[in-house]
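Everything below concerns the one structure shown next.
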Amino acid sequence: MLDIKLIREQGETVHNQLNRRGPGTSADLDRLLEIDKQRRDALNQSQTLKNKKKTLSAEVGNLKKKGQDASGPMEEVKQLNVQIKEWDDKSNSLDEQVRSTLLKIPNLPSETTPDGADESQNQEVRQWGGKPSFDFKPKNHVELGETLGLLDLKRAAKISGARFAVFKGQGAALLRALIQFMLNTQTRDNGYEELYPPVLVNEDSLMGTGQLPKFEEDLFKLRDDELFLIPTAEVPVTNYHRDEILPEESLPVKYAAYTLCFRREAGSYGKDTQGIIRQHQFDKVELVKFVKPEHSYDELEKLVADAESILQKLNLHYRVVNLCTGDLGFSAAKTYDLEVWLPSQNTYREISSCSNFTDYQARRAMIRYKGKDGGKPELVHTLNGSGLAAGRLFVAVLENYQQADGSIQIPEPLQLYLNGQTQLG
RNA sequence: GGAGAGGUGGCCGAGUGGUUGAAGGCGCACGCUUGGAAAGCGUGUGUAGGCUUAUACCCUACCGAGGGUUCGAAUCCCUCCCUCUCCGCCA
């Protein structure tokens, strides 16, 4: 959520920054300011009257104590109450309008986020490693996985439907090894504390991180309870500190969380229908940070490096992309995607998305910090990034480590997690 | 699911209709004291909104959330949420 004061004081700048995301993004601003003005007027009216009421009530108390007649001020307060109720109703309703409008306005893009209409205008920042060369035609992960008995997509469709997978035997073990490897790396080497949170969350949590109210159609919702399945661990982990004031000296706070993630994928019909690239249910290790505002962009660079370290240890070729304004997520100010090389598609595919949300989520979720020496609490900046998406990493390992005979070589760092095994199939 | 207890400031804990943002204690900050420290003494110590150049002053609100009664509610009434204990059920 943007700061209403910022909109009041620098409306022009906010307007321009928002419209970098696309024409019309800031359409509501003038109307918003008008409502806000009315809201403050109503509030002032109500507060003035309440002040009067307080004085009169005290007078009633005093008069009664002395045994004198208090019916005059009592009657006066009764009439004040009618007016107060009117102004309060008005100001509450206007306040609600301001809030609901603000909740639907996205974050301002960073200065360092490139302008662009869609993903084709994302900026490649760097590449790491090199494309593997094959002296045979590399197979895709579906063919590899099904031939080797690692994946069973047909039965998954029978059990649940499209966009679900069964990982089987060595495939299940590999997925588990990847998760374990990622968690260990992030907690032991990169200094994150592990959290294992609920995957069902309430509406407030989804408001806090920005999935609601605008993107309900992307979420699985329970029918009989006001709960949603999380689309990412960002939701429970960021909301872990909702409505809290963190001690300044505890920052930066860094968490790594493995969870299942659930997405309806409405609106992506026909995309990635083959295989396990795009699933309704997938596994992910997520990294979340709470930091001081002045450090958040440095922390974003470190976060990306932490996510990259997984791909580097597994020696997988990838590139880092700075998302342009047209591709930038709703709550983010700046996002780097990590895209891993997939030989079968002869292209890079997103395997991690690392974002700085500045104070946008913190203001929605009221996550602040305060120094020891007093002073006002200030909003933290929140960041998060996949470290990494396990299903897609599974795909990358299969495709990049496939051998001419159809077997899969197991990357050295994973062998420890697979009882020393060196290949699959 | 059944029965009961409870939700007050960073923490503990008073407070059952009157000026209480809230006693007392702990913690914390600053000062005095000291060779230094402890103890002791003193002062201060919530959040949001409005107003504002201002994190100053002032005003309003907040004692789990929402509604109600009343001139006046942390205190009374209603609804909901959460926590704890016992029983049942269960991975």
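Note that these values count all heavy atoms, side chains included, but never hydrogens, waters or copies made by symmetry. Just so we're on the same page: letters track the sequence lines, and every chain starts at 1.
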Working to the nearest 0.5 angstrom, can you tell me the gap between [X] [atom1] and [Y] [atom2]?
| X | Y | atom1 | atom2 | result |
| --- | --- | --- | --- | --- |
| A:Ile105 | A:Leu18 | CD1 | CG | 6.5 Å |
| A:Leu379 | A:Arg364 | CG | CZ | 13.0 Å |
| A:Arg39 | A:Ile4 | CZ | CD1 | 7.5 Å |

Between [N] ([atom2]) and [X] ([atom1]): distance, integer Å:
| X | N | atom1 | atom2 | result |
| --- | --- | --- | --- | --- |
| A:Lys53 | B:G18 | NZ | P | 17 Å |
| A:Asp69 | B:C71 | CG | C1' | 12 Å |
| A:Asp88 | B:G49 | CG | P | 17 Å |
| A:Arg8 | B:U53 | CZ | P | 13 Å |
| A:Lys90 | B:U60 | NZ | P | 22 Å |
| A:Lys376 | B:U45 | NZ | P | 14 Å |
| A:Lys54 | B:C62 | NZ | P | 9 Å |
| A:Lys66 | B:G18 | NZ | P | 18 Å |

Minimum-distance nucleotide (side-chain atoms of [X] versus [options]):
| X | options | result |
| --- | --- | --- |
| A:Asn81 | B:U19, B:G72, B:A48 | B:G72 |
| A:Arg40 | B:C71, B:G50, B:U47 | B:G50 |
| A:Lys50 | B:A61, B:G18, B:G50 | B:A61 |
| A:Lys65 | B:C51, B:U19, B:C71 | B:U19 |

Whether [X] contacts [N] is assessed here as follows: a side-chain N or O lying under 4.0 Å from the phosphate OP1 or OP2. Is that the case?
| X | N | answer |
| --- | --- | --- |
| A:Arg368 | B:A48 | yes |
| A:Asn44 | B:G50 | no |
| A:Asn62 | B:G72 | no |

- [ ] Map A:Ile4 and A:Leu56 onto RNA chain B by nearest heavy atom, then report which one ends up closer to the 5' terminus.
- [x] A:Ile4
Open item on the list: With nearest nucleotide decided by heavy atoms, which residue, A:Pro377 or A:Lys85, maps closer to the 5′ end of RNA chain B?
Closed with: A:Pro377
TODO: Decide if the gap between the ring center of A:Tyr255 and the ring center of A:Tyr240 is smaller than 6.0 angstrom.
DONE: yes
Open item on the list: Please identify which of these residues, A:Asp30, A:Asp36, A:Asp3, meets the salt bridge (charged side-chain N to carboxylate O under 4.0 Å, His left out) condition with A:Arg8.
Closed with: A:Asp36
Measuring only the [atom1] atom in each nucleotide, how far is [N] from [M]? A whole number of Å is fine.
| N | M | atom1 | value |
| --- | --- | --- | --- |
| B:G36 | B:C51 | C1' | 50 Å |
| B:C81 | B:G67 | C1' | 15 Å |
| B:A23 | B:U43 | P | 15 Å |
| B:U47 | B:U52 | P | 23 Å |
| B:G21 | B:G10 | C1' | 16 Å |
| B:G88 | B:G15 | P | 36 Å |

Task: SB check A:Asp41 A:Lys37 (cutoff 4.0 Å) - done: yes
- [ ] Check every strand shown and say whether A:Lys5 touches a base, only sugar-phosphate, or nothing at a heavy-atom separation below 4.0 Å.
- [x] sugar-phosphate
TODO: Give A:Val60 one of three labels, base, sugar-phosphate or nothing, depending on what nucleic acid heavy atoms sit under 4.0 Å from its own.
DONE: base
